[in-house]
Amino acid sequence: GECRLSSHCLREETDMANIGAMRAGLLLGLGYLGLQLGHPQSAMAQPECSEATLRGTYIYSYDGFTVGKGGEPEPFAFSGIESFDGAGSMTGIFSGSTNGVIDEDVPYTGTYTVNPDCTSELTTVDPVEGETHYDQFLDPSGDEFRFVQTDEGVVASGSERRVSAEIITLSEDLGTP
């Protein structure tokens, strides 16, 4: 097999390269098809969440600002501890500063729902802020989540991390666990 005509040799090399590319494409296509057929849709499904995903005791930090009386932003920062019962109820205690005004050991209660896609809604009630609302975005394990407050005039978000699978009963008096 020595090639003596240059145009014939070039065409032969081009044909061999095209056949190689077609083989590679065919192998890749069959490999992809095999992956799809080898893993049924149910095995590839995303994990689902429920109220039980949020169970245990979490610590958090949360900051942002509210729009003040004159339209000026008023910064705030809070940290606290919360216990979720895994069935749609929770309790918590926070301390924080709103535009320099300090609130310490404020108890609150709340109710929550969790969707299968691991999004969640929480409503809390406390003696300082009244009723507040949050959208939450959960890690399917329930070990942590992010949240954003959804009340008008508030720009704020935070994150929570589970510190115990146990539900710590938080006292309503003095805010001590």
Side-chain angles (χ1 to χ4, degrees), residues 35 39-177:
L35 283 174
H39 296 285
Q41 206 54 8
S42 62
M44 296 172 60
Q46 297 294 320
E48 288 193 8
C49 290
S50 69
E51 277 77 8
T53 304
L54 287 180
R55 179 171 171 77
T57 301
Y58 295 76
I59 57 172
Y60 68 92
S61 61
Y62 163 56
D63 58 54
F65 65 88
T66 59
V67 178
K69 294 178 181 132
E72 295 295 316
E74 295 181 348
F76 68 85
F78 297 114
S79 285
I81 186 167
E82 297 181 327
S83 286
F84 290 82
D85 70 357
S89 294
M90 55 82 66
T91 59
I93 295 173
F94 73 83
S95 291
S97 171
T98 303
N99 207 27
V101 176
I102 307 299
D103 290 300
E104 293 183 287
D105 300 321
V106 178
Y108 57 95
T109 60
T111 57
Y112 65 96
T113 58
V114 176
N115 301 311
D117 67 357
C118 299
T119 59
S120 173
E121 293 181 0
L122 170 69
T123 300
T124 63
V125 178
D126 72 69
V128 175
E129 300 295 322
E131 186 173 289
T132 53
H133 306 91
Y134 305 88
D135 283 349
Q136 301 181 125
F137 305 91
L138 315 178
D139 174 336
S141 71
D143 288 339
E144 62 182 326
F145 61 94
R146 307 294 184 260
F147 62 91
V148 62
Q149 189 169 349
T150 57
D151 296 304
E152 189 174 329
V154 179
V155 178
S157 66
S159 61
E160 300 203 24
R161 180 174 54 89
R162 183 166 35 209
V163 294
S164 175
E166 299 298 317
I167 299 170
I168 298 173
T169 303
L170 303 169
S171 174
E172 295 288 326
D173 63 344
L174 298 179
T176 54

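In this chain, residues are counted from 1 in sequence order.
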Do side-chain atoms of [X] reach the backbone of [Y] as a donor and acceptor pair under 3.5 angstrom?
X	Y	value
S120	T113	yes
S95	D105	yes
T150	H133	yes
R162	S141	yes
D117	T119	yes
S83	I167	no
Y112	T124	no

List for me each residue that meets ring-ring contact (aromatic ring centres under 6.0 Å, His included) alongside F76, sequence neighbours excluded, and say none if there are none. Y62, F78
Rounded to the nearest 0.5 Å, how far does [atom2] of [Y] lie from [atom1] of [X]?
X	Y	atom1	atom2	answer
Q136	L54	CD	CG	6.0 Å
F137	N115	CZ	CG	10.5 Å
D139	E160	CG	CD	13.0 Å
R55	E166	CZ	CD	8.0 Å
D126	T132	CG	OG1	6.0 Å
E144	S159	CD	OG	7.5 Å

Which heavy atom of P73 sits nearest to which heavy atom of F65, and what is that distance?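 Taking every non-hydrogen atom into account, CB-CD1, 3.5 Å.
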Which heavy atom of S97 sits nearest a heavy atom of I102, and at what distance?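 Reported closest heavy-atom pair: CB-CD1, 3.6 Å.
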Mutual orientation of the aromatic rings belonging to F147 and Y134 [parallel < 30°, tilted 30-60°, perpendicular > 60°]: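 Answer is perpendicular, since the angle exceeds 60°.
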State, with a plain yes or no, whether a side-chain heavy atom of Y108 is found less than 4.5 Å away from one of M90.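 Y108 vs M90: side chains touch.
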Beyond-backbone contact of V106 with P127, side-chain heavy atoms, under 4.5 angstrom: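 Heavy-atom side-chain distance check passes, below 4.5 Å.
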Would you please test E72 and E74 for side chain to side chain contact (heavy atoms under 4.5 Å, CB included) and show each step? CA-CA 6 Å; E72 295 295 316; E74 295 181 348; 5.6 Å; no
In chain order, what residues pass the salt bridge (Lys or Arg N to Asp or Glu O under 4.0 Å) check against R161, with sequence neighbours excluded? none
Any pair counted as disulfide bond (SG atoms under 2.5 Å apart), so long as it reaches residues 50-136, sequence neighbours left out: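 Listed once each, the pairs are C49-C118.
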